[in-house]
Amino acid sequence: MRIYLDNASTTPVHPEVLDVMLQVLKDDFGNPSSIHQHGRKSRSIIEQARKIVAKTINASIGEVFFTSSATEANNMVLKNAIKDLGIQRIISSPTEHHCVLHSLDSISSEGKCEVVILKVDQYGHIDYDQLNVLLSDKKLKTLVSIMHGNNEIGTMADISRIGNLCKENGTLFHCDTVQTMGKYPIDVQAAHIHFLSGSAHKFHGPKGVGFVFINNDNMLTPYIHGGAQERNMRAGTENVAGISGLAKALEIAVSNMLINHQKINELRTLFKTLLADQINGVYYNGDQDERFMSHVLSVSFPPGPKADMLVMNLDIAGISASSGSACSAGIEEDSHVMVAIGHPSDRKTIRFSFSPLNTEEEIRYTVEKLKEML
Ligand code: PLP
């Protein structure tokens with residue numbers, strides 16, 4: 001038996017998504033830029049996909065562009081907002097994904113823009129009062145970049161509140177919605193979001209394809225130069241099969257959102273109940289009460305040599321989960337998110353992340369194995 005509990009990292013491709021993609025790869029191979037029938041067929045697949053994405057986030061079709069990943073989408077927004085929109089200050093948080101934080105490092109090392117990192121509390125929530133105070137200082141044209149759901153600890157930001165604060169202060173808002181897309185409703189107009197990123201492989205689509213939403217009134221120029229693909233916004237022959245898979249996966253995720261949510265919540269609750277019953281001294285990282293994504297459960301285990309070996313021993317037992325640390329120069333260190341929330345560095349963190357494909361038996365088996373290992 002092999003159990004996959006690393007769905008925040010990536011998800012298996014849905015069988016219907018695979019069917020759609022195989023059909024495109026086999027039959028619809030035309031270059032979407034060609035004007036003959038083969039090309040027109042591929043073009044219409046892309047445009048149909050764009051409609052699905054736009055409808056999902058309540059954007060207009062002209063505001064959605066396909067990219068190679070959410071990493072590309074986030075780089076594009078942050079770097080080009082400075083160049084094209086005259087952004088002079090970016091306000092972000094210490095728990096963003098590395099594709100945001102490392103982009104900000106690069107931006108600030110070039111001296112192009114001031115970067116302000118907000119404080120977060122022990123649950124990973126940003127300090128909204130600090131954001132409010134910062135935004136009331138309007139000397140510099142500002143972009144706020146805050147993720148919707150944190151990939152390591154599951155804490156969710158109140159994007160309506162952030163969007164309203166941005167609106168009141170005439171500030172632009174970029175939101176990394178990679179972990180929430182297809183799992184939670186997202187409405188760019190209601191939440192006053194100007195830029196947003198998504199990635200197919202987090203919602204049972206293929207890897208290597210994502211999208212960016214760019215609000216019409218704040219258009220950027222291309223990040224990648226070349227041909228006129230994506231209406232001149234993103235050069236390079238489109239990943240037609242990937243884009244078709246992204247749209248199909250999103251459609252399936254959105255139409256099953258409630259039922260998936262319920263199933264994942266049940267698995268999470270069972271996992272927590274069993275852990276509390278069987279293993280002493282565990283606690284959970286991130287918000288557990290109000291604003292959290294059900295599919296991410298970050299568990300902090302008491303210190304000790306057995307805990308240090310947990311991820312490896314789980315793997316040997318046939319269970320794939322992820323550790324809350326990063327290996328740097330051969331030394332395991334707490335991840336930037338764990339450091340930001342003040343997680344004690346002697347405790348071991350494991351992120352278990354669920355999908356609707358997981359079962360109760362898998363959860364029971366995993367907790368049983370954890371008990372044996374500890
Ligand atoms: N942002 C978040 C929150 C993520 O979890 C990830 C992937 O782990 C990314 C961005 C990057 O997405 P991609 O794999 O499409 O580059």
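Numbering of residues begins at 1 and proceeds along the displayed sequence. Please read these numbers as outputs of a predicted model, since none were measured by experiment. Just follow the structure's listing: the first ligand is 1, and inside any ligand the first atom is 1.
- By the 4.0 Å N-to-carboxylate-O rule, Arg351 lies close enough to Asp6 to be salt-bridged with it.
- The option from Ser9, Ser68, Ala70, Gly208 that lies nearest to atom 12 (O) of ligand 1, judged by heavy atoms, is Ala70.
- Atom-to-atom distance recorded for Ile82:CD1 and Ile107:CD1 is 3.5 Å, nearest 0.5 angstrom.
- Ligand 1 places these atoms under 4.0 Å from at least one heavy atom of Met147: 3 (C).
- Between Phe271 and Phe352, the ring centre distance stays below 6.0 Å.
- Looking at atom 14 (O) of ligand 1, its nearest protein heavy atom turns out to be His201 NE2, 2.9 Å.
- For the pair Lys202 and ligand 1, a heavy-atom separation below 4.0 Å is found.
- Judged by distance alone, the side chains of Ser345 and Asp334 never bring a donor and an acceptor atom under 3.5 Å apart.
- Ligand 1 lies within reach of Cys99, whose nearest heavy atom is under 4.0 Å from it.
- Looking at Thr71 against ligand 1, both its backbone and its side chain come within 4.0 Å, counting heavy atoms.
- A salt bridge between Glu47 and Arg43 is present, with a side-chain N of the basic residue lying under 4.0 Å from a carboxylate O of the acidic one.
- The protein non-hydrogen atom at the shortest distance from atom 4 (C) of ligand 1 is His97 CD2, 3.3 Å.
- In this comparison of Thr10, Asp176, Val209, the heavy atom closest to atom 2 (C) of ligand 1 sits on Asp176.
- Scanning all protein heavy atoms for the shortest distance to atom 5 (O) of ligand 1 gives Gln179 NE2, 2.9 Å.
- Cation-pi check for Arg50 over Phe66 is not met; the charged atom does not lie both under 6.0 angstrom from the ring centroid and within 45 degrees of its normal.
- Nearest protein neighbour of atom 15 (O) of ligand 1, counting heavy atoms only, is Ser199 OG, 2.6 Å.
- No cation-pi contact links Lys79 to Tyr223, judged by a cut-off of 6.0 Å to the six-membered ring centre and 45° from its axis.
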